There are 2 protein chains.
Amino acid sequence: MCASDCKPITLKHIADLAGVSVSTVSRSLNGTSRISEATRQRIRSMAEELGFEFNASARSLITKQVGTIGVVLPPSYEEFGVNLYFNTLFNAIRAILERNDYDLIVAFPANRFTGQDNLRRLVTRRKVDGLIVMSPRLEPELLEFVRGSGMPFVFSHYPPPEGAEAELDFIYPDNELGGYLAARHLASLGRRRTFCLTSDADYELEYRLRLQGARRALAESGLSIGAEDILYGDMSIESGYRAVMNFRRSLGGYDSLLAFDDLMAIGALQAFAELGIAVPGEVSVVGYDDCELSGAMRPALSSVHQPREEMSLVTCERLMGLIEARRQGLERPPARRSVLRPELVVRESCGARSRGAGPRA
Amino acid sequence: MCASDCKPITLKHIADLAGVSVSTVSRSLNGTSRISEATRQRIRSMAEELGFEFNASARSLITKQVGTIGVVLPPSYEEFGVNLYFNTLFNAIRAILERNDYDLIVAFPANRFTGQDNLRRLVTRRKVDGLIVMSPRLEPELLEFVRGSGMPFVFSHYPPPEGAEAELDFIYPDNELGGYLAARHLASLGRRRTFCLTSDADYELEYRLRLQGARRALAESGLSIGAEDILYGDMSIESGYRAVMNFRRSLGGYDSLLAFDDLMAIGALQAFAELGIAVPGEVSVVGYDDCELSGAMRPALSSVHQPREEMSLVTCERLMGLIEARRQGLERPPARRSVLRPELVVRESCGARSRGAGPRA
DNA sequence: TCCTGTTGCGCAAACGTTAGCACATTTTTC
DNA sequence: GAAAAATGTGCTAACGTTTGCGCAACAGGA
């Protein structure tokens with residue numbers, strides 16, 4: 001190698017060493033255009049030996065591609081519960097993109113404290129080739145900006161808000177179906193009276209859909225969920241615990257709980273334990289998201305599993321498709337909405353035998 | 001704005017519009033060199049209005065600065081427990097760097113599955129200005145490579161392995177002290193017989209130091225921890241649970257548990273609950289890391305709080321110092337090791353009254 | 001009036017790469 | 001054996017910045 005102040009190797013170095021022009025080296029390495037097999041081999045092995053890599057800045061100046069994707073995390077990502085869920089998604093996406101030689105930069109739609117958003121910067125400075133938006137929504141003005149910039153982007157995880165334009169790409173799980181599956185299972189266990197633990201946060205669309213699905217399932221068995229059967233929390237363990245504790249005098253008539261969030265479900269489990277209410281003996285509990293924690297609880301929590309792997313895959317493919325189209329100067333492919341199927345994972349809190357069973361076990 | 005296929009605004013556009021040269025625009029915007037106050041103002045407001053931002057690639061080609069920092073996460077980051085801890089650190093660091101106009105790219109020392117590491121790529125392609133290494137160690141060969149590349153980098157969180165070269169920068173919490181504080185507290189509560197739950201993973205240095213500190217504290221009270229008092233797990237809730245369950249016949253003589261990891265501590269709490277052993281009545285429990293989950297457990301878990309805020313701050317300042325020095329072509333500042341103080345957070349599992357008390361409550 | 005200094009700005013080279021074009025050489029085709 | 005086509009390579013102009021140098025204009029001092 002070389003001393004610590006050494007200049008990085010450039011195409012020119014290789015060209016001089018091989019006695020050819022810079023273009024020839026470039027073409028040999030990129031495999032573009034006609035080059036004799038002999039020189040190609042020779043140049044490649046020289047580059048290999050020298051540990052040459054293209055200077056990303058120089059290259060992108062010409063190709064307009066930087067090899068980096070921005071992932072826009074939800075503004076509340078600093079919060080425990082949110083990052084618990086999104087980390088898995090983030091990791092899955094990262095793995096896929098890495099295979100395609102993309103690096104990942106994290107972005108936020110707006111920093112609550114500084115008010116500054118690095119998202120806009122990333123776009124205008126051309127530091128990314130595309131965006132995966134995992135934020136429930138972008139400010140209309142910001143959305144308009146991103147769109148006007150021509151930067152490819154897709155929404156992942158959050159369902160499109162009502163009235164969202166049809167020309168946007170969304171990839172998200174079927175929340176209504178998830179709620180349906182959970183509630184249907186409870187009904188099939190013979191549970192007749194269910195109460196719900198949901199969120200009053202501003203992401204509520206997801207939660208409303210889950211409730212809607214649950215109602216549809218119960219209706220099939222002649223059951224229902226009334227306004228008085230619904231408790232609210234803020235998606236934290238604490239809030240689930242408190243909600244159930246506050247509700248304890250009215251708990252008598254219920255034989256099941258449907259929590260639209262795993263953390264709140266876990267809080268509820270704690271409350272039941274403290275109140276001496278047996279799970280699943282007296283009350284069956286189902287959560288939502290199937291976060292990593294759930295299988296490790298006592299009793300292990302049944303939960304609606306989000307199709308994160310599939311979601312990651314579809315998201316990346318979609319985005320890469322948009323990027324490729326743009327690179328080739330083609331028309332932007334028509335927007336699509338991909339709705340993925342969640343799955344119910346039954347564990348002890350519903351009366352299943354073994355601990356931590358399910359996809360991830 | 002402009003149509004979606006519009007070219008981004010460049011210095012040239014502004015120059016043409018203002019009737020000056022490109023250099024003048026550049027200098028007005030950067031504030032470098034002499035420019036009349038009048039034109040400076042005029043150019044600035046024009047740029048503002050047009051929403052101009054420098055093209056990062058073009059700029060970095062000349063300045064050799066890309067405005068991006070690579071964060072090297074531990075290879076086991078995909079695992080729940082690990083990301084639970086590092087996320088907080090990552091977020092804190094991100095917030096600091098964002099204020100300094102840096103973006104963050106995630107890197108891995110080596111992908112276990114593909115064998116490929118994007119870290120090397122990031123360095124040779126010059127996609128980052130510096131690295132924050134949160135991995136317990138780098139392969140000697142990789143370390144040599146990074147060092148030889150002249151890329152500024154610092155280690156954060158993990159203590160330097162024995163024999164680590166002194167010319168490397170490390171910022172990490174005092175594990176020995178953490179173990180000491182936890183054990184001393186148990187002794188001060190009148191607990192006379194403690195067993196430990198530690199890890200047998202290859203990060204063990206941290207864990208060995210924690211044990212060492214615990215032993216020192218107990219020795220001050222004439223107590224000790226023998227080999228038979230030590231259980232091993234893999235830093236998961238499950239493993240903590242199983243370790244204690246397997247140990248249940250021998251549990252009689254003990255009045256306290258020191259777990260060198262919060263997740264294992266939580267698993268132990270579950271086991272105690274199942275075995276009908278009262279916490280903190282019969283056994284006091286202290287964990288380590290003070291992860292977000294701990295305060296929410298029942299009983300709330302006492303834990304050694306890692307100085308993550310301070311660590312983030314020191315890490316970023318150190319790295320930015322190195323980058324700045326390099327930019328100015330100065331000598332690399334001498335390496336430093338910053339050892340930070342952890343703090344014990346006492347909650348219910350040790351007999352504290354309120355739930356979720358502590359720094360984060 | 002001349003000299004010296006300062007101020008404000010433009011020119012042009014550089015950064016490392018890609019790609020269109022031209023040209024020389026080889027191969028194919030009739 | 002000549003024309004046409006294919007092949008391999010170099011030249012050169014980009015891409016959007018920064019920056020050293022030079023030059024004109026102007027000010028102040030003698």
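Just so you know, these numbers come straight off a predicted model, no measurement behind them. Below, read A as the first sequence line, B as the second, and so on, with proteins coming before strands; counting in each chain starts at 1.
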Summary of ring pair (Phe, Tyr, Trp, His ring centres under 6.0 Å) pairs that have at least one residue in residues 87-106 of chain A, sequence neighbours excluded:
none

Reading DNA chain D in the 5' to 3' direction, which nucleotide is the first one with an atom under 4.0 Å from a heavy atom of chain A, and which is the last?
D:dT7 to D:dG16

Specify the residues of residues 24-34 of chain A, ordered by number, for which at least one heavy atom lies under 4.0 angstrom from an atom of DNA chain D.
A:T24, A:R27, A:R34

Quick test of your reading: applying ring pair (Phe, Tyr, Trp, His ring centres under 6.0 Å), list the pairs with at least one residue in residues 19-53 of chain A, sequence neighbours left out, ordered by first then second residue.
A:F52-A:F54

Euclidean distance, atom CG of residue B:L61 to atom P of C:dT17 [Å, nearest integer]:
9 Å

Tell me which pairs pass ring pair (Phe, Tyr, Trp, His ring centres under 6.0 Å) where either residue lies in residues 12-49 of chain B, with sequence neighbours left out.
none

Applying salt bridge (Lys or Arg N to Asp or Glu O under 4.0 Å), which residue pairs with at least one partner in residues 18-43 of chain A are found, sequence neighbours left out?
A:E37-A:R40

Counting any heavy atom closer than 4.0 Å, what does B:K12 reach on the DNA or RNA strands: base, sugar-phosphate only, or nothing?
nothing

What residues form a side chain to side chain contact (heavy atoms under 4.5 Å, CB included) with B:E139, not counting sequence neighbours?
B:R137, B:L142

Can you list everything that forms a side chain to side chain contact (heavy atoms under 4.5 Å, CB included) with A:A325? Sequence neighbours excluded, please.
A:L330, A:P333

What stems show up for DNA chain C when you take Watson-Crick pairs (N1-N3 plus N6-O4 or O6-N4) and G-U wobbles (N1-O2, O6-N3), both under 3.5 Å, and require three or more consecutive pairs?
C:1-30 with D:1-30

Please name all residues satisfying ring-ring contact (aromatic ring centres under 6.0 Å, His included) with A:Y172, sequence neighbours left out, ordered by chain then number.
none

Whole-Å distance, A:E53 CD to C:dT17 P, equals 11 Å

Can you list every pair that meets salt bridge (Lys or Arg N to Asp or Glu O under 4.0 Å) and has a residue in residues 50-72 of chain B, with sequence neighbours left out?
A:R125-B:E53

What protein N or O atoms touch nucleotides 25-27 of chain C N or O atoms at under 3.5 angstrom, if any, and at what distances?
none

